[in-house]
2 protein chains.
Amino acid sequence: MTDVAAAAGVSHQTVSRVLNGSELVKDETRTRVLAAIAELGYRRNNAARLLVTNRSHRIGMISAHLVLHGPSMIAVSVQDAGHKAGYDVSLVAVEDFTARSLREAVDRLLDEAVEAIVVAVAHREAREQVRSLEMPVPLVIVQGVSDGQRMAVGIDQEAGARLAVEHLLDLGHRHVAHVTGPQEWVEAGQRRAGWRSAHEHRHVLPGPELGGDWSPQSGYEAGLRIAEDPDVTAVFVANDGMAMGLMYALHEKGRDVPGEISVVGFDDVPEARFLWPALTTVDQEFSLLGRRAVELTLRALGGEVDPSAELIRPALVVRDSTAAPRH
Amino acid sequence: MTDVAAAAGVSHQTVSRVLNGSELVKDETRTRVLAAIAELGYRRNNAARLLVTNRSHRIGMISAHLVLHGPSMIAVSVQDAGHKAGYDVSLVAVEDFTARSLREAVDRLLDEAVEAIVVAVAHREAREQVRSLEMPVPLVIVQGVSDGQRMAVGIDQEAGARLAVEHLLDLGHRHVAHVTGPQEWVEAGQRRAGWRSAHEHRHVLPGPELGGDWSPQSGYEAGLRIAEDPDVTAVFVANDGMAMGLMYALHEKGRDVPGEISVVGFDDVPEARFLWPALTTVDQEFSLLGRRAVELTLRALGGEVDPSAELIRPALVVRDSTAAPRH
DNA sequence: GTCGAGATTGTGAACGCTAACATTCTAGGT
DNA sequence: ACCTAGAATGTTAGCGTTCACAATCTCGAC
């Protein structure tokens, strides 16, 4: 900066003013400074800047299971929205949810001087651990939150599940079976709750419930069991990956979808449309979620105390894996 | 730091020494300092540190198309490997490959004081643009590189394609059709080259070539055309997503896979095993790629000039979408 | 006891920037 | 010509570290 100042024949402070877009610089001086900057290929040192201003323009994000569709979409979209708002976003992926590994993740982010932390981990355990951590910066929760919750943005999982189940019930199915996600995930619990409440609302008993772990393999195993049960005519599967595995098992056992059994997934992964049959599923608008998360973070950073945001409503995408039951 | 020094009754320099694990501190003093640190909840300011040391312990990565399987796997694995090596990694996603947007991406990273930049964009245009940029830090290319290339790590796409095509030829197919990726991607070109060379090697003419853009939709369109051509008994599709679309089209047209037509994909996405029929495909070890990229970066940072690494060999995963042709 | 080498600790400056205040221009009014 | 308010610019200090060197301890050998 001193060099630039010398080259332009001004003081370093004037250079600083130009860089920060101050009004108090004569146009002619500004031009001269800018020219010097260009000529010298000068770039301002952000470490020094951060040191004195204490503003890093960086927000941190903690994620997990980045191989799964949802988490990775959220990570990308937060990153993107952050950039657009002039923030860098640092991502750290955790592999388990012990107090220790979360503490480490938070510390790593704090060391990077993040101004806020976005937690996109829908694991119950993780959630509690993080909450209990002392946090010198605002903390925003993404994913698996409930309505009205402060400092949190999310998609209404329960509503999504209800959409799926009601669609099936409307088609004339007596009840709907459910393949759940792992119950440690709050989303899994919420989708399950939606499934139950949709049945209750119609005063019918829900179909059988099978446990899964999001993986196609676990869906496959659930499918094998469902194929044996002549009573099941419709299944709501907690994500598209498992739905795929399940349909594979049904195929393998010679059960027709949707002729004998209707299937609804959750996520609307890009492949869903090209499964055979094309999968009816629930679409979650992840990119909007990311934007909302950043927006909320910014509000908190702006001094608003414990802002909250509305849940995003998912939408049902009806394709070919669902039909009325045959009698 | 001054506070800690005061609390421990030493000078700030001694605190600094403790923090940096210097040997020259009496055990007793060290203990006292550590206690003071813990008590005051002190954490060292990295901005100040960076300012004086000029080492950011951060490497930058430029990616694109993070929704696609390959790019996102690579991003995650570089990030991960970087962390394990004690580096933070900043990711910036570019949306197009103009000189301007790449310049911006690089600038953004340089502003974050990255010590090296990893470019994981397999777009020809992007590649050239980046190469032409003045770079004050080492630049490592990941993806779509060729053998022996300096400062680059990659997976041998051509070998992978040859594996796929030879498998089909070995089964007795006369020749193999190919659905390509977009030709702006160097991977797409390499897979295409592998497809051609496998045919040449057997002294047979390759089957028809259809253009795709990685999307299942484009695979679907290619599938529609292939379904009409009675001459095609085997297709090598440049990625699994398009293979899915293609198989969907074949189903729709009543063509049996693999009875009438065999299909091989590329990527081995987690869903591939659960397609119906389960997809034969080529597995790329992305996590290894990420590790190699970081390793190479570290070597360059360590002063080695233009280090190079071997290409990673992909593996064929044979499942149910391929079979011998009927006569 | 005294000296000196090595161990341990301390001191001051510097990294590149911005904040706060001080100084110098400039132009309009008298 | 002279004053003054506001515009434009400059000066100094300090952000929290580490580096280079200086100062002080400690302990064994004489």
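Hydrogens, waters and symmetry mates play no part in the numbers below; they use all other heavy atoms, side chains included. Naming: A, B, ... by sequence-line order, numbering from 1 per chain.
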Considering heavy-atom distances to DNA chain C, does Leu51(B) or Val25(B) have its closest nucleotide positioned more toward the 5' end? Val25(B)
Between the base of dG10(D) and the side chain of Arg17(A), is there any donor-acceptor pair under 3.5 Å? yes
Is it the case that over 12 heavy atoms from other parts of the model lie below 6.0 angstrom from the CD atom of Glu39(B)? no
Side chain of Val52(A) - closest among dT17(D), dC15(D), dA13(D): dC15(D)
Rounded to the Å, how far apart are Ile37(B) CD1 and dG16(D) P? 16 Å
Regarding Ser22(A) and Asn20(A), is there a side-chain donor-to-acceptor distance under 3.5 Å anywhere? no
Any side-chain to backbone donor/acceptor pair from Arg127(B) onto Gly144(B)? Under 3.5 Å, distance only. yes
For the side chain of Thr53(A), counting heavy atoms from C-beta on, which of dT18(D), dT9(C), dT18(C) is nearest? dT18(C)
Over all strands shown, is Arg55(B) touching base, sugar-phosphate only, or nothing at heavy-atom distances under 4.0 angstrom? nothing
Thr29(A) near the nucleic acid: base, sugar-phosphate alone, or nothing, with a heavy-atom cut-off under 4.0 Å? sugar-phosphate
Counting only heavy atoms not in Glu310(B) (residues, nucleotides, ligands), do more than 12 fall under 6.0 Å from its CD? no
Report the nucleotide, chosen from dT17(D), dG10(C), dT18(C), that has the shortest atom-to-atom distance to any side-chain atom of Arg44(B). dT17(D)
Rounding to a whole Å, what distance do you find between Asp27(B):CG and dA7(C):C1'? 13 Å
With the side chain defined as heavy atoms from C-beta on, Asn45(B) is closest, among dT17(D), dG16(C), dT11(D), to dT17(D)
Within the pair Asn46(B) and dT17(D), is there a side-chain N or O less than 4.0 Å away from OP1 or OP2? no
Output the single nucleotide from dG16(C), dG10(C), dT18(C) whose closest atom is nearest the side chain of Thr14(B). dG10(C)
Whole Å only: how far is the CZ atom of Arg32(B) from the P atom of dT8(C)? 14 Å
Using the side-chain heavy atoms of His12(B), tell me which of these nucleotides is nearest: dT11(D), dG12(C), dT9(D). dG12(C)
Where the side chain of Ser16(A) is concerned, which of dA13(C), dG10(C), dT18(C) is the nearest nucleotide? dT18(C)
How close or far is atom P of dT18(C) from atom CG of Leu19(A), stated in whole angstroms? 7 Å
Is the phosphate of dT18(C) approached by Asn20(A) (side-chain N or O, under 4.0 Å from OP1 or OP2)? yes
In whole angstrom, give the distance that lies between atom CG of Asp3(A) and atom P of dC15(C). 11 Å
From C-beta outward on Met1(A), which listed nucleotide comes closest to its side chain: dT9(D), dT18(C), dG10(C)? dT18(C)
Lys26(A) atom NZ is separated from dA8(D) atom P, nearest whole Å, by 8 Å
In whole angstroms, how far is the C1' atom of dG16(D) from the OH atom of Tyr42(B)? 7 Å
Is the shortest side-chain heavy-atom distance between Arg103(A) and Val106(A) below 4.5 Å? yes
How many Å lie between CD on Gln13(A) and C1' on dC17(C), as a whole number? 9 Å
Answer yes or no: does atom CZ of Arg313(B) have more than 12 heavy-atom neighbours from other residues, nucleotides or ligands under 6.0 Å? no
